[in-house]
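Here the structure comes first, spelled out in structure tokens, and everything after it is commentary.
Positions are given from 1, in the same order as the sequence printed here. Note: hydrogens, waters and symmetry copies are ignored here, and every other heavy atom, side chains too, is used.
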Amino acid sequence: MPPAILFVCTGNTCRSVMAHYYMQAVVEGTAVVESAGVNATEGSPAAENAVKVLEEQGVSLEGVRKHSSSLVTEEKMAAASHVVCMAVKHKEAVLASFPHHSGKVHTLLSDLSTKPDISVEDPVRMSIETYRERFQQMVPSLKYLLSSVQ
């Protein structure tokens, strides 16, 4: 069974979307990649600046354009082998709701790398430059995650 990665942020429209579709493109079917939010409004599209950043990275926009935000659920948690949160507060929220999945819950920038306990800050309603900065902040840890799941 291939690894299954669930990326988690607040609304499932910015950070987790960029991580989700970038990683999905990179793993090329060798892992299942999903995303969700701890406080998502079901059915929202990906933020336009997130879509632009992914396009700049050469990611196919077919799935991104169809993205529909969703909440973290027990079903998604159970299906995931790795739950990767964008911020410490997301990890705390996930662990509070799903403590029985604690062994597979991580924070992208701290648990999956050697960096201190830091978060990918939310770029919502900010400039395209801020989205690019957040994406670039994630890339080393996404590559580290990729090496650990393949």
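Residues Cys9 and Ser16 approach most closely at SG-OG, 3.0 Å, considering heavy atoms. Across all their heavy atoms, Ser69 and Thr13 have their closest contact at CB-CG2, 4.2 Å. Between Ala46 and His67 the shortest heavy-atom distance is N-CD2, 3.8 Å. Scanning all heavy atoms of the two residues, the minimum distance from Thr10 to Lys89 falls at OG1-CE, 4.1 Å. Of all the heavy atoms in Ala78 and Lys104, the pair that sits closest is O-NZ, 3.6 Å. The shortest heavy-atom contact between Val51 and Leu61 is O-CD2, 3.8 Å.
Screening Lys76, Arg15, His20 for a side chain to side chain donor-acceptor pair (under 3.5 Å) involving Ser35 leaves a single residue, His20. Applying the side-chain contact (heavy atoms from CB on, under 4.5 Å) test between Leu142 and each of Leu108, Ile5, Val84, Val26 identifies Leu108 as the sole match.
Proximity of Gln24 to Val59: side-chain heavy atoms (C-beta onward) are nowhere separated by under 4.5 Å. Counting only heavy atoms from C-beta outward, the side chains of Lys52 and Tyr131 never approach each other to under 4.5 Å. Taking the side chain as every heavy atom from C-beta outward, Lys66 and Ser68 never approach each other to under 4.5 Å. Within the 4.5 Å cutoff, side-chain heavy atoms of Glu74 are placed close to those of His101.
At least one donor-acceptor pair closer than 3.5 Å links the side chain of Ser81 to the backbone N or O of Ala4. Without hydrogens or angle criteria, Asn12 side chain to Ser70 main chain gives a donor-acceptor distance under 3.5 Å.
Between the NZ atom in Lys91 and the OG atom in Ser110 there is a gap of 6.0 Å [rounded to 0.5 Å]. Summarising the geometry, atom SG belonging to Cys14 is positioned 13.0 Å from atom CD belonging to Glu121; distances are rounded to the nearest 0.5 Å. Atom CZ of Arg134 is separated from atom CG of Asn49 by 12.0 Å, given to the nearest 0.5 angstrom. Separating the CD atom in Gln57 from the OH atom in Tyr22 is a distance of 6.5 Å, to the nearest 0.5 Å. Annotation: the span from Met138 atom CE to Met86 atom CE amounts to 6.0 Å, rounded to 0.5 Å. The line from NE2 of His106 to OG of Ser148 is 8.0 Å long, rounded to the nearest 0.5 Å.
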- [ ] Any chance you could lay out the side chain to side chain contact (heavy atoms under 4.5 Å, CB included) test for Ser97 and Val72, step after step, and finish with the verdict?
- [x] CA-CA 9 Å; Ser97 296; Val72 178; over 6 Å; no

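A perpendicular orientation is assigned to the rings of His100 and Phe98, their planes being inclined by more than 60° (bins at 30° and 60°).
Inspection of the Ser60 and Glu62 side chains reveals no N or O donor paired with an N or O acceptor under 3.5 Å.
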